[in-house]
Structure formats: structure tokens, C-alpha cells
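A, B, ... follow the sequence lines: proteins, then strands. Residue 1 opens every chain.
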2 protein chains.
Amino acid sequence: MRRQRSTIRDVARRAGVSVTTVSHTFSGNGVVNPATQARVRAAATALGYHPDVVASGLRRSRLGVIGLVLRPAVGVEPQHIQDVDYFPRFAGAAALTSLGQGYALMLVADPAVPHAPTTAWACDGIIVTDPVDRDPLIAALRAGGMPYTLVGADPADPDDPHVIDIATALITDRVLDHLAASGATRIALVVGTDAIEWNEATVRRYRERTPPAAQHVRHVPERSEHEEGAVAADELLALPEPPDGVYCLTSDHARALVDRLVERGVRVPEDVRVVCGSDADSLRSVAPAITAVDLQPQALGRQAAAALLTQLEPDLALAVPPPEHGALIVRTSTGG
Amino acid sequence: MRRQRSTIRDVARRAGVSVTTVSHTFSGNGVVNPATQARVRAAATALGYHPDVVASGLRRSRLGVIGLVLRPAVGVEPQHIQDVDYFPRFAGAAALTSLGQGYALMLVADPAVPHAPTTAWACDGIIVTDPVDRDPLIAALRAGGMPYTLVGADPADPDDPHVIDIATALITDRVLDHLAASGATRIALVVGTDAIEWNEATVRRYRERTPPAAQHVRHVPERSEHEEGAVAADELLALPEPPDGVYCLTSDHARALVDRLVERGVRVPEDVRVVCGSDADSLRSVAPAITAVDLQPQALGRQAAAALLTQLEPDLALAVPPPEHGALIVRTSTGG
DNA sequence: CTGAAAGCGCTTACAG
DNA sequence: CTGAAAGCGCTTACAG
């Protein structure tokens, strides 16, 4: 299956030098007479030679590859993940930042899941988005001595220094303030069930800020049918004192929730104001359009890649602007 | 920089066996007594051992990595490429298809550009989107014996068997038919300058179908300022017989073009009908919303990955549904 | 400035 | 069923 290519040996033979000289010529290490270099390069060109990155990676312990584990991607149907706006944008920005520093960006399967292809270990460092509570992957990365950067913290280890802040508490404050300013007095929270910072820290902050009697938290699995959002809407309306504001983290469920509210004659935003925690195409084009948090996936992707690259090569001194956390895109669902 | 991990030797020593036995245990090759296997696995676990994919890749000539070259990405500012909807969706779908077969998807820089990191060669095969005329990258891939799949053909080599069809002529027909059905009688074409199939085959088909006197083709560089679309609009209006229909391939320029038309008092779609060749967020949310071709990036991404995987492993027999080429999303700009 | 040689961590005939 | 040994293509002290 491998392309049979010419090797450093072939080039050395053709140029009449040793493999050392060929290696030096291409790596820039050592000193090689310019005339000799020219002979070597000519031979290489004639043979269509490229240094084998894999062999070189084996010797130098540096591949020039950054791995990206997109947590929810594993085992999810393609149509699911790609409807989500967040991940493609995050990955795109991380890829371009990496390429700019001479690194490729490799999308890998979670190496901690059973039977995962071990390719995940063929990189110089790994970005994980998002780590879960007591994340076995992080433990494995540490055990293997693999450099990593996390987007959002493992809830069980908030002080890991290799975390890109996703500012969940700050964002929660902004959303709850905005809902209140739009006239909401009883705000319900609809969150996912993945044990990630985004879910857990949102709930924590919500409980800190909301009088116990007014608290209502509904959990909806991230990868459930969209209709679960509608079911959540029904339940909220059935409460003794239904909420007049809802903060729903995921976009699919927010959409189904609003659809159901409208279907049942509830006016949005007059009767119930709704904010979604993650902006997406689909929130813009529905009626009423839904106010959402701009999570700034591209800024986060750039940040994460820069942080990991700096870990790998401390001299890089990459300057990337931090994301502007908590920016709200106000739409009809909160009177915008 | 490399994580110092335990090696197959360490495991062999601890388990009291040879490295051969350890290798056989993990690779599934050869036959190993179950009891011995258990000892080996126990030792491996205790040491936190993972087979080194790079070393194994070097020996076996198989890495489990598919490369993806996104042509326009090179040298482009991050904010540019990520505004484009096409590439993230394509890459996402290709990644998931690959992961499903145990391959990682690596985003690599164009290995044909000078000083490109050679990482691009650290994969088992490469997907190129989109090849340019007389593409030096394809020549390099062939010379290196690297399996590849192209999305769209090299205009100079339409018969390469490793091409995923992007059906440019068919799409052009659909668009021109739709514009005519919406009332357009003189249709201008606004295309990019990259020497890719999409641009060239669109022009060719347009010229085949349009009476010479009614032809008007305007080239706008893909990576020019958005305002170039406005300039194109001005030029079209300045023609002796201005068009009453425009087919503009790229979304940024289509948007600027429509904005300028409206600004100058031209009614869209009553006076001029406009179709964009590539759907994007931005076309949906403007007024008037712009009719566009759904290029089906996800379907193409799946197709391309499946084709390459099948080349690498003929036994795979991956069944992926082909994209439904030429689907139009009709919006206000053509009376939808 | 150039080269012979060891070794990165694995796989794979081959011999026992 | 198990092991000793060669070798994948490169890099890097080290000696000349």
C-alpha cells in the first residue's frame, strides 16, 4: 500500500555523498558545502525525493501534528454534528492557526474509548473539547506524557493550568441579566446531561443567583430527538407557576421549545422570553428569531491552538486576541 | 519534547516474554497463548504502554491518516475562510466518514507550495479540494505514489479516474433555466479567477448556452474585497443593454452585488434576478434574501472520503449516497 | 566539511 | 506457541 518512494539512500548514492550529508542538506543541521548541497538537491529533484516525515518523526520525536478531539463527534451520525455550528468553526480556526506555525491539525477519535484507533497518539499534542467530569482521556494523556489543552475545564479539576477559559459563570450572568431586563421574573433553565463544564457551571451559577422557590432546572440529553425540547416546553407550561423566561443551552432544543410554545398560543417574547446558549443558523431564520449567546468558536479555536503550540514551542510567542465572552445576539425572542 | 513512554521492550521485560510476543499480542498477528497474552496486557497496563503509531507506521507503511488539502485556505486570513460555509461542512463530513473507518483526518497545508511543512506526506492518502489547472500538487502526488481523490477535476485532466464529480455543467443549466423561468432574458455571469473546474466549466457551459450577443462574463478574484461585487454591479448597470439576470458564483460578491443594485434603485427580483453559486448564511439573512445553489458540501465530503478509503482498502465497500447536484434554494432574489 | 555507525520503536519472516 | 534478528527511513553524536 505504501507509495514506494526514493529514500535518503537513493539520493546519497546518486549525488555521490553519504546519507548524513543528504540529511544535513534538508534539515539545515550541520554544515554542508553549498556546491555539495546543490548536487544533493539536484539528485533529490531528479528522484522525486521527499524526506519521510514518519521516519523523521520517529527519530526526532516531533511530528508537526496537533490532534483535536471533538468529544460529541464520536458515535454521532454525521448529520447531527454538522448541523451544529460550533465545531466546524472551532476546528477551522484551530486548523488555520496550526498551519500558520507549520503544524497540521488532525481530527482524531477519542483515544479513551474502547477500540479507538491508536492514531490519536500520533501527534505532538492534543486539544480536547470539551472535557467531561473526571475525564479518563485526560488521565490517559497525562499518563502518556502527551501535552494537551482543554477547552473548558474538567469539572473535577478546575485548576488544571492547561485550560482555555470558557467563562461559563460570566455568560450565565449576562443571560440571566438580559432575561430580567427583558421582563422575565421567573427563569427556568434547560440544560444537557453531558458532565461538561458548560452544563454544570451553568446550573451552579443559576442556582447561586436564583431564589430557591423560583428555580426550575430541566435536563435534556444533548443527543436526544429535537422533540425533547417540545416536551420540555410542555412540562414548563404545566408547572404551578410557569416561567416567563427560559435559558436553554442547546440550539436544537431551544428551537423545538420555542416552536411548541408558539404552537400552544404562548406569545414569545411577551409571555415567555427565551435565550439560547449557543448561536446557530437555525435560530436566526425561525420566527420568532431566537436570542443567543455567541460562544465565539473561532476565537476559542485560535486560543486553544495557540496555547498548545506555545506549550510545544515556548519560543513561539503567539499573540491571539482572547474571545469576547458572553456577547449576546439579541433577537425577537427577547424583544430585540 | 516527546513524552517519554514505555516501549514494547519494557513491556516484554516486565512480562518475561520477547518483543515479538508483545507485538503479536497487540497487533493480532501470529498466535499467542491466551495466558501469555493476559500477562502481556497486564504488564502493558501497569506501564501505561501504548504501541507507538509512528514506529508502527514506519514499518507497516500504513498510518491510519487521511490528508485534506483545502486549497483556498493557504495564506488566507482565518476570518476569510471561516465565513465560507462550504469548507467546514465538507471537512466535518469527511472527518466523520474517516473516523468511522478508523482513520483520522488531517488538515494539511498544500505540499506543493514552497516551504510547506512536509507533514503533508505523513498520511496514507490525500483529498484535494479544489484542484487547479495543471495542478502541480497532483503531479507531486503522482510522483510520490500518494493515493489521492480530487473534488472537481483538474481542468487540464478531466479524465482522471480519481475525481469526485461536482457536476458543474448540470448546475449551470439548472441555474440558467431557473433565471429564465423567473423572467430573465439577458443573463450576466460573475465568476472568480482561480483556475478551478467550478469557474472554468461554468463559463464554458454559459457560453455554450447563451447567444453570443447576450453573453457577459465578469471575473472577480475570489480573495478580493467584498466591494468588488459592488464594482461588478456598477459595471453591469453601465452596459448598453444591462442584464436582467445575474449568476454570481461566490457568496461574498453576490451579497455586495445585490446590495449595490438595491442601493442604486434597481429592484431585485423585478428588474434583475440574482442567483448565487454557493449557499451561505449570509445569503439567507440579507434583504432581499438571495437564491443559491446548495453545493452539498457534506455529501461531497462523505463521497470524497469514501472514495479514498476504498482506494486504500478495496474491501471496505462503503456505501454513501451521492450528492443531489444542482439543488436550488429559491429565495426572494428570484421571486421565491 | 564529510562519512560510518548506532538507534528511534516497531513488524515480520524465519528458526526453533 | 515463542524468540533472535533484520530492517522500515531517518537523525545525530562522533571521528576523521
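Listed by residue number, A:V31, A:V32, A:N33, A:T36 are the residues of residues 29-39 of chain A with a heavy-atom contact under 4.0 Å to DNA chain C.
Side-chain atoms of B:A55 lie closest to C:dC10 of the nucleotides C:dA4, D:dG3, C:dC10. Between D:dA4, C:dT11, C:dA4, one nucleotide has an atom nearer to the side chain of B:T20 than all others, and that is D:dA4. When each of C:dA4, D:dG7, D:dC10 is scored by its nearest atom to the side-chain atoms of B:R59, the top-ranked nucleotide is D:dG7. Among the nucleotides D:dG9, C:dC10, C:dG3, the one closest to any side-chain atom of B:T7 is C:dC10. Nearest to the side chain of B:H24, among D:dT12, C:dC10, C:dT12, sits C:dT12.
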Inset, instruction - Convert the base pairs of DNA chain D into dot-bracket notation, remembering that pairs crossing earlier ones are written with [ ] and that bases paired across to another strand are shown as |; include only Watson-Crick or G-U pairs under 3.5 Å. - result: |||.||||||||.|||
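At whole-Å resolution of the value, CZ in A:R9 and P in C:dG3 are 15 Å apart. A straight line from CD1 of B:I8 to C1' of C:dC8 spans 13 Å, rounded to a whole angstrom. A straight line from CG of A:L63 to P of D:dC10 spans 14 Å, rounded to a whole angstrom. In this structure, B:D124 places its CG atom 19 Å from P of D:dC8, rounding to the nearest Å. In this structure, A:L58 atom CG and D:dC8 atom P are separated by 13 Å, rounded to whole Å. Across the protein-nucleic acid pair, B:R62 atom CZ and C:dT12 atom C1' stand 17 Å apart, rounded to whole Å. When the P atom of D:dA13 is taken as reference, atom CZ of A:R60 falls 13 Å away, rounded to whole Å. Taking atom CG of A:D52 as the reference point, atom P of D:dG7 lies 18 Å away to the nearest angstrom.
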Please tabulate, one pair per line, all N/O donor-acceptor pairs under 3.5 Å involving side-chain atoms of residues 136-148 of chain B, not counting sequence neighbours.
residue : atom : partner : partner atom : Å
B:R142  : NE   : B:Y148  : OH           : 3.0
B:R142  : NH2  : B:Y148  : OH           : 3.4
B:R142  : NH2  : B:D157  : OD2          : 2.9
B:R142  : NH2  : B:D160  : OD2          : 3.0
B:Y148  : OH   : B:D160  : OD2          : 2.6

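Contact annotation for A:F26: no contact, since no heavy-atom pair falls under 4.0 Å across all strands.
B:A122 and B:M106 make their closest contact through O-CE, 3.6 Å (heavy atoms, listed as atom of the first residue, atom of the second, distance).
One side chain, A:N199 or A:E222, offers a donor N or O that lies under 3.5 Å from an acceptor on the other.
The side chain of B:S18 contributes no N or O atom lying less than 4.0 Å from OP1 or OP2 of D:dT2. Between A:S23 and D:dT11 there is a side-chain polar atom (N or O) within less than 4.0 angstrom of OP1 or OP2. Using a 4.0 Å cut-off, some side-chain N or O of B:T21 falls inside it from OP1 or OP2 of D:dG3.
A cation-pi geometry, defined here as NZ or CZ lying under 6.0 Å from the six-membered ring centre and within 45° of its normal, does not hold between B:R302 and B:F90. A cation-pi geometry, defined here as NZ or CZ lying under 6.0 Å from the six-membered ring centre and within 45° of its normal, does not hold between B:R14 and B:Y49.
Using a 4.5 Å heavy-atom threshold, the side chains of B:E197 and B:I166 count as touching.
When atom types are taken as modelled, the side chain of B:T310 and the backbone of B:A306 share a donor-acceptor pair closer than 3.5 angstrom. Under a 3.5 Å cut-off, the side chain of B:N29 and the backbone N or O of B:H24 do not form any donor-acceptor pair. B:S98 contributes a side-chain N or O that, together with a main-chain N or O of B:A94, makes up a donor-acceptor pair within less than 3.5 Å. Using a distance-only test at 3.5 Å, with no hydrogens or angles considered, a donor-acceptor pair links the side chain of A:D154 to the main chain of A:D135.
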